[in-house]
Enquirer: 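Sending over a structure as structure tokens; questions will come in a sec.
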Amino acid sequence: MNTRQNDFDVIIVGGGLVGASLALALTDAGRRVALLEGQPARFDGLEQGWDARVYAVSPANRRFLESLGAWPGMERIGTIASMDVRGDRGGRIEFAASDAGAEALAWIAENRWMLAALWRQLEQRDITLLAGVRPVALATSARQARLTLDDGREFTAALLVGADGANSWVRNQIGLDASVKPYGQSGVVANFDCERPHGNIARQWFLGDGILAWLPMAGQRMSMVWSTAEPQALLELDAETLAETVAATGDYALGALQVITPAVAFPLRLIRPESTVKERVVLVGDAAHTVHPLAGQGVNLGFQDAATLAALLRDRRDPGDWLLLRRFARERKEAVATMQTTCDALFALFHQHELPGLPWLRNAGLSLTNRLTPLKRQFARHAIGF
Ligand SMILES: Cc1cc2nc3c(=O)[nH]c(=O)nc-3n(C[C@H](O)[C@H](O)[C@H](O)COP(=O)(O)OP(=O)(O)OC[C@H]3O[C@@H](n4cnc5c(N)ncnc54)[C@H](O)[C@@H]3O)c2cc1C
């Protein structure tokens with residue numbers, strides 16, 4: 001039998017950005033929450049050094065994190081006031097937050113700093129934090145989900161949330177198949193000091209065989225995301241050659257560069273589970289979807305999953321009610337599918353070499369769009385997440 005101590009409204013598996021933000025939002029909505037994270041507790045020493053993994057956080061998600069008291073201090077936040085996107089044959093589009101009457105298209109925040117801000121808030125809330133343990137079994141019935149940990153403890157909840165990333169254990173346990181489409185590329189990330197100020201401009205180059213993005217960080221620094229089929233060729237470069245290669249590929253737009261964090265690579269895949277809900281279980285964040293990072297929207301989709309789910313569960317007697325879960329799935333499906341399809345189509349458009357005329361067409365398209373103010377305004381509004 002379960003004691004009340006081991007029984008929750010919601011158990012969340014995975015204390016990354018999405019799971020941690022959901023735990024805070026649900027607790028603030030009056031829910032009894034347990035958060036299970038396989039790694040040791042996340043709040044010690046996270047803010048040391050620079051993190052090569054950065055996110056472009058949309059204004060809507062900044063507001064969400066602020067509402068949780070978990071927006072990291074602005075001293076380490078970069079601002080994207082405008083974007084400058086170049087095609088592989090001279091095409092170009094520039095658009096600015098001011099096109100949509102906004103202050104910023106997005107803010108650039110480091111993964112570790114956001115995690116630290118979230119976990120510091122978790123410590124201050126009445127949340128059961130189970131860190132450094134792993135789940136070994138998950139069973140569901142019409143009334144509850146039951147989770148067994150590797151140390152033998154058992155917990156039950158009306159709802160179990162899988163926020164455990166792209167290789168979700170929860171997704172596997174409940175038998176949800178996911179179609180996984182590898183892009184045949186990895187994202188190589190690294191941070192650089194720049195010789196010239198970035199002017200709060202995010203720069204992106206479609207290179208024909210890859211996509212290079214430079215995101216403005218706080219101060220005179222930028223974060224690179226280079227999506228490439230040959231990550232090893234970049235990872236093997238010494239710091240000086242890497243800096244020179246990145247600077248040259250970006251036409252020295254920010255002058256000479258100096259490496260701050262060594263390059264790391266992560267594989268790019270499009271993951272689509274057959275469903276994001278099952279009896280007493282829901283998936284959020286990368287467990288529910290991944291997208292190509294060319295639009296920098298991966299974690300934004302995850303934060304919106306968390307915000308939507310917390311809002312839906314507020315004031316509901318049974319947080320695991322099937323109709324509620326179905327409603328959540330419906331509400332998120334369209335936003336996620338639109339982002340996945342857009343990123344996928346853009347990726348295909350700029351990696352298609354067989355069709356004669358396509359390289360010209362895609363570059364002409366960018367330049368034409370650049371001259372059409374209403375369409376640009378639309379781009380800016382889309383980037384902001386209106
Ligand atoms: C090396 C790397 C670099 C990246 N860089 C970028 C980038 O520059 N820009 C970008 O937009 N995206 C990047 N991504 C993708 C981005 O990290 C994800 O979109 C985002 O982190 C999703 O957040 P999440 O909370 O859903 O999942 P995750 O961040 O994956 O968090 C999942 C959490 O669940 C925990 N967990 C997993 N399994 C279990 C289990 N069985 N039991 C308990 N806990 C478990 C993990 O320890 C982790 O804390 C990168 C990914 C990687 C791997």
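Counting begins at 1 with the first residue of the sequence. Indexing begins at 1, ligand by ligand and atom by atom, following the structure's order.
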Enquirer: Report yes if the side chains of Asp84 and Gln204 come closer than 4.5 Å at any heavy-atom pair, otherwise no.
Expert: no
Enquirer: Need the ligand 1 atom indices (1-based, order shown) with element for anything under 4.0 Å from a heavy-atom of Gly285.
Expert: 26 (O)
Enquirer: Parallel, tilted or perpendicular for Trp107 and Trp71, by the 30°/60° rule?
Expert: perpendicular
Enquirer: For Val189, counting its heavy atoms only, list the atoms of ligand 1 lying under 4.0 Å from any of them.
Expert: 8 (O)
Enquirer: Distance under 4.0 Å to a non-hydrogen atom of Gln39: what atoms of ligand 1 satisfy this?
Expert: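 Selected atoms, number and element: 47 (O).
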Enquirer: Test of understanding: given a 4.0 Å heavy-atom threshold, classify the contact between Val13 and ligand 1 as side chain, backbone, both, or neither.
Expert: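 Answer for Val13: side chain.
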Enquirer: Between Asp9 and Arg32 (salt bridge meaning N to carboxylate O under 4.0 Å), is one present in this structure?
Expert: no
Enquirer: If you measure every N/O of Val133 against every N/O of ligand 1, is any gap under 3.5 Å?
Expert: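 No; the residue has no nitrogen or oxygen that sits under 3.5 Å from a nitrogen or oxygen of the ligand.
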Enquirer: Give a yes or no on whether a salt bridge exists between Glu331 and Lys333, defined as a side-chain N under 4.0 angstrom from a carboxylate O.
Expert: no
Enquirer: Purely on distance, is any nitrogen or oxygen of Gly38 under 3.5 Å from one on ligand 1?
Expert: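 Gly38 vs ligand 1: N/O contact under 3.5 Å present.
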Enquirer: Under 4.0 Å, heavy-atom basis, I'd like to know which part of Ala163 is in contact with ligand 1: side chain, backbone, both or neither.
Expert: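 Looking at Ala163 and ligand 1, just backbone atoms fall under 4.0 Å.
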Enquirer: List for me each residue that meets salt bridge (Lys or Arg N to Asp or Glu O under 4.0 Å) alongside Asp305, sequence neighbours excluded, and say none if there are none.
Expert: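 With neighbours one apart ignored, the set is Arg332.
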Enquirer: Distance to the ring centre below 6.0 angstrom and angle to the axis at most 45 degrees; does that hold for Arg327 and Trp322?
Expert: no
Enquirer: Provide the number and element of each atom of ligand 1 under 4.0 Å from a heavy atom of Leu17.
Expert: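 Numbered from 1, ligand 1 contributes 25 (O).
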Enquirer: Can you list every ring-ring contact (aromatic ring centres under 6.0 Å, His included) pair that touches residues 207-235, not counting sequence neighbours?
Expert: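 Qualifying pairs: Trp205-Trp214.
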Enquirer: Can you figure out which of Gly16, Ser186, Gly165, Ala306 has its heavy atom closest to atom 27 (O) of ligand 1?
Expert: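 Minimum heavy-atom distance to atom 27 (O) of ligand 1 goes to Gly165.
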Enquirer: Please check whether Arg134 reaches ligand 1 - meaning an N/O of the residue sits under 3.5 Å from an N/O of the ligand, judged on distance alone.
Expert: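 Yes, there is a polar N/O contact under 3.5 Å.
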Enquirer: Considering only NZ, NE, NH1 and NH2 on the basic side and carboxylate oxygens on the acidic side, decide whether Arg125 and Asp28 come within less than 4.0 Å.
Expert: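 Counted as a salt bridge, because a side-chain N and a carboxylate O are separated by less than 4.0 Å.
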Enquirer: With the threshold set at under 4.0 angstrom, would you say Val264 reaches ligand 1 through any of its heavy atoms?
Expert: no
Enquirer: May I ask whether Pro135 has any heavy atom positioned less than 4.0 angstrom from an atom of ligand 1?
Expert: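 Contact check Pro135 vs ligand 1: positive.
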Enquirer: With a 4.0 Å heavy-atom cut-off (strictly under), which part of Val18 contacts ligand 1: side chain, backbone, both or neither?
Expert: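 Val18 to ligand 1: contacts from backbone and side chain alike.
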Enquirer: Are the side chain of Thr241 and the backbone of Leu237 linked by a donor-acceptor contact shorter than 3.5 Å?
Expert: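 Pair absent, no side-chain N/O of Thr241 close to backbone of Leu237.
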